[in-house]
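Here's the structure, in structure tokens; my notes come after.
Just so you know, ligand 1 is whichever comes first in the structure, and atom 1 is the first atom listed for that ligand.
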Amino acid sequence: MSRLLRLSESLLKDAIERGLIEINLYDMRQWAHDKHNTMDDRPFGGGPGMVLKVDRVVPCVEEVQAFSEIPGRVVMTTPQGRLLTQRVVEELAREERLIILCGRYEGFDQRVVDILRPDEISIGDYVLNGGEVAAEVIIDSVMRLIPGVLGDENSAVVDSFSSGNRLLEEDQYTRPREYRGLSVPEILLSGDHGLVEKWREHNRKVKTFARRPELLDGETSED
Ligand code: 6GU
């Protein structure tokens with residue numbers, strides 16, 4: 001539950017207090033009505049690990065959906081899901097309500113997917129112990145696109161990876177002008193805004209070409 005505390009930090013806390021977003025956390029174990037609160041069981045066919053039970057998870061999600069008139073889009077965090085990109089984040093941010101289902105250690109019985117038809121999402125090609133971190137990543141990235149959440153309405157628009165911007169951000173500098181023999185590029189001190197913008201654009205392109213050339217290919221598989 002300590003993860004929940006992170007949700008109350010800064011930007012998110014502020015957005016909640018201002019009524020811009022609402023976040024509720026539910027423990028699926030509350031829907032396990034047997035005396036041991038069993039949520040998972042051994043997989044049919046054998047093998048390691050445990051499987052989250054369909055007759056626990058489905059009633060839980062359906063009940064949570066019924067708490068509001070808007071059933072909400074069900075998102076499931078899973079390494080088998082489609083990759084979370086800014087495009088996907090923008091798509092999720094358009095939803096009125098999201099229900100993020102996250103498993104821990106174990107996977108879900110396939111019938112959870114068959115019944116709830118969740119939007120299965122992975123946050124990257126690496127292994128996490130549980131979906132909570134992934135859920136937090138989803139919340140963080142989606143939240144900042146909700147109008148009013150960020151102080152500056154424009155700041156989300158110019159970010160790297162927002163729609164229409166497939167370049168990495170340029171190098172940034174502030175005072176001092178020189179530190180350990182490293183100087184700030186002269187152009188940034190010139191006061192010539194046109195020249196500064198040209199430098200930034202060039203810097204973004206060079207940086208993107210060096211680090212993430214695939215971003216310059218234009219249309220990618222997720223477009
Ligand atoms: Cl969404 N969940 C888990 N458990 N591992 C992951 C992931 C999600 N995305 C990448 N690895």
For ligand 1, what N or O to protein N or O distances fall under 3.5 Å?
from: ligand 1; atom 1: 5 (N); to: L128; atom 2: N; distance (Å): 3.4
from: ligand 1; atom 1: 9 (N); to: S122; atom 2: OG; distance (Å): 3.3
from: ligand 1; atom 1: 9 (N); to: I123; atom 2: N; distance (Å): 3.1
from: ligand 1; atom 1: 11 (N); to: Y126; atom 2: O; distance (Å): 2.6

Counting only pairs under 3.5 Å, give me each side-chain donor-acceptor contact of residues 198-207, with atom names and distances, residues two or more places apart or in other chains.
from: N203; atom 1: OD1; to: D171; atom 2: N; distance (Å): 2.9
from: N203; atom 1: ND2; to: D171; atom 2: OD2; distance (Å): 3.2
from: R204; atom 1: NH1; to: E170; atom 2: OE1; distance (Å): 2.8
from: R204; atom 1: NH2; to: E197; atom 2: OE2; distance (Å): 3.1
from: K207; atom 1: NZ; to: E169; atom 2: O; distance (Å): 2.8
from: K207; atom 1: NZ; to: D171; atom 2: OD1; distance (Å): 2.8

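A tilted orientation is assigned to the rings of F67 and Y26, their planes being inclined by 30° to 60°.
Other residues, nucleotides and ligands place no more than 12 heavy atoms under 6.0 Å from the CZ atom of R42. By the neighbour-count criterion of 12 heavy atoms within 6.0 Å, atom OH of Y173 is densely surrounded, having more than that number from other residues, nucleotides or ligands.
Proximity of a side-chain donor or acceptor of S122 to a complementary backbone N or O of G124 within less than 3.5 Å is detected.
Between L188 and V196 the shortest side-chain heavy-atom distance falls below 4.5 Å.
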